[in-house]
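What follows is a set of notes on a single structure, which appears directly below.
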Amino acid sequence: MEGLYVASMVPFDEDGKINDAVAREMIETNLAEGAAGFFVAGSSGECFLLTPEEHLHLFELFAEYKDRCTLFAHVGSCGTDESVRYAKAAADMGYERIAATPPIYFGYSSAAVADTTMTSRARWVTASTTTISR
């Protein structure tokens, strides 16, 4: 993996909705300036402040560019089921990579986070018919 990957921001309009036109303009500008891909819905993109619908809408918006760049979907959430939902949706939209932050609010140990993550991952991989490349 080489190149510059942009931690994308989310533009909102005056009504608090994602501004698709401005987002597309930002994407096009970054691609024209040599970006190799985008990290979508991470902490620069309001990850934990987006509603599930906004999160998925953002994935869909960036998926329009999947043939022109590499996309990373941030699928982290405070709930495992929601993270799994995001990962499946991203895979269905053609994302090549996913990333997630572990739960941040509660004081879980690293071992507890790893155990839960591996259990959830095994459940998702077993149930999933879609593969995300590494």
Side-chain angles (χ1 to χ4, degrees):
M1 185 172 84
E2 294 181 15
L4 174 67
Y5 292 84
V6 178
S8 57
M9 296 173 36
V10 182
F12 292 93
D13 64 19
E14 292 130 6
D15 296 322
K17 305 290 183 201
I18 294 174
N19 190 326
D20 292 359
V22 172
R24 286 185 180 99
E25 186 177 331
M26 288 172 35
I27 294 166
E28 289 291 349
T29 298
N30 281 289
L31 289 172
E33 293 178 356
F38 298 90
F39 190 85
V40 182
S43 58
S44 294
E46 313 288 342
C47 62
F48 295 114
L49 302 176
L50 296 172
T51 67
E53 293 77 18
E54 289 171 329
H55 208 118
L56 294 172
H57 177 73
L58 200 59
F59 284 176
E60 290 170 352
L61 182 66
F62 276 82
E64 295 172 14
Y65 299 87
K66 66 184 175 193
D67 295 330
R68 296 174 56 195
C69 62
T70 300
L71 299 172
F72 289 79
H74 179 266
V75 300
S77 172
C78 291
T80 302
D81 289 342
E82 192 169 355
S83 291
V84 170
R85 176 182 170 208
Y86 292 154
K88 287 180 179 181
D92 289 344
M93 292 177 206
Y95 280 70
E96 297 178 19
R97 293 171 172 78
I98 61 170
T101 54
I104 57 174
Y105 183 74
F106 300 102
Y108 296 113
S109 69
S110 296
V113 170
D115 181 55
T116 300
T117 301
M118 294 310 292
T119 301
S120 298
R121 182 177 175 195
R123 182 178 70 203
W124 177 69
V125 168
T126 300
S128 178
T129 58
T130 305
T131 303
I132 295 178
S133 63
R134 294 180 187 216

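At distances below 3.5 Å, not a single donor-acceptor pair connects side-chain atoms of H55 with backbone N or O atoms of V75. Side chain of D15 to main chain of K17: no donor-acceptor pair is present (N/O by atom type, distance under 3.5 Å, no hydrogens or angles).
Taking 4.5 Å as the limit, some side-chain heavy atom of R85 sits within range of a side-chain heavy atom of L56. Looking only at side-chain heavy atoms (C-beta outward), V6 and F39 stay at 4.5 Å or farther from each other. Side-chain contact between L4 and E33 is absent, with no heavy-atom pair separated by less than 4.5 Å.
Heavy-atom neighbours of E64 CD from other residues, nucleotides or ligands within 6.0 Å: above the threshold of 12.
When all heavy atoms of G94 and K66 are compared, the pair lying nearest together is CA-CD, 4.0 Å. Between A23 and P11 the shortest heavy-atom distance is N-CG, 3.5 Å. Across A36 and C69, no two heavy atoms sit closer than the pair O-CB, 3.4 Å. E54 and G16 make their closest contact through OE2-O, 4.0 Å (heavy atoms, listed as atom of the first residue, atom of the second, distance).
In this structure, CG on L58 lies 9.0 Å from CG on D20, to the nearest 0.5 angstrom. Atoms OH and NE2, on Y95 and H74 in that order, are 13.0 Å from each other to the nearest 0.5 Å. Distance check, rounded to the nearest 0.5 Å: CD1 of I98 to CZ of F72 gives 11.0 Å. Rounding to the nearest 0.5 angstrom, the gap separating the CZ atom in F38 from the CD1 atom in I27 is 5.5 Å. Here the CD atom belonging to E28 is positioned 4.0 Å from the CZ atom belonging to R68, to the nearest 0.5 angstrom. Here the CG atom belonging to N30 is positioned 8.5 Å from the OG atom belonging to S8, to the nearest 0.5 angstrom.
Under the 30°/60° scheme for interplanar angles, the aromatic rings of F59 and Y86 are found to stand perpendicular.
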Quiz item: Should R97 and Y5 be marked as a side chain to side chain contact (heavy atoms under 4.5 Å, CB included) after you check the CA-CA gap, both sets of side-chain angles, and the distance that decides it?
Solution: CA-CA 12 Å; R97 293 171 172 78; Y5 292 84; over 6 Å; no
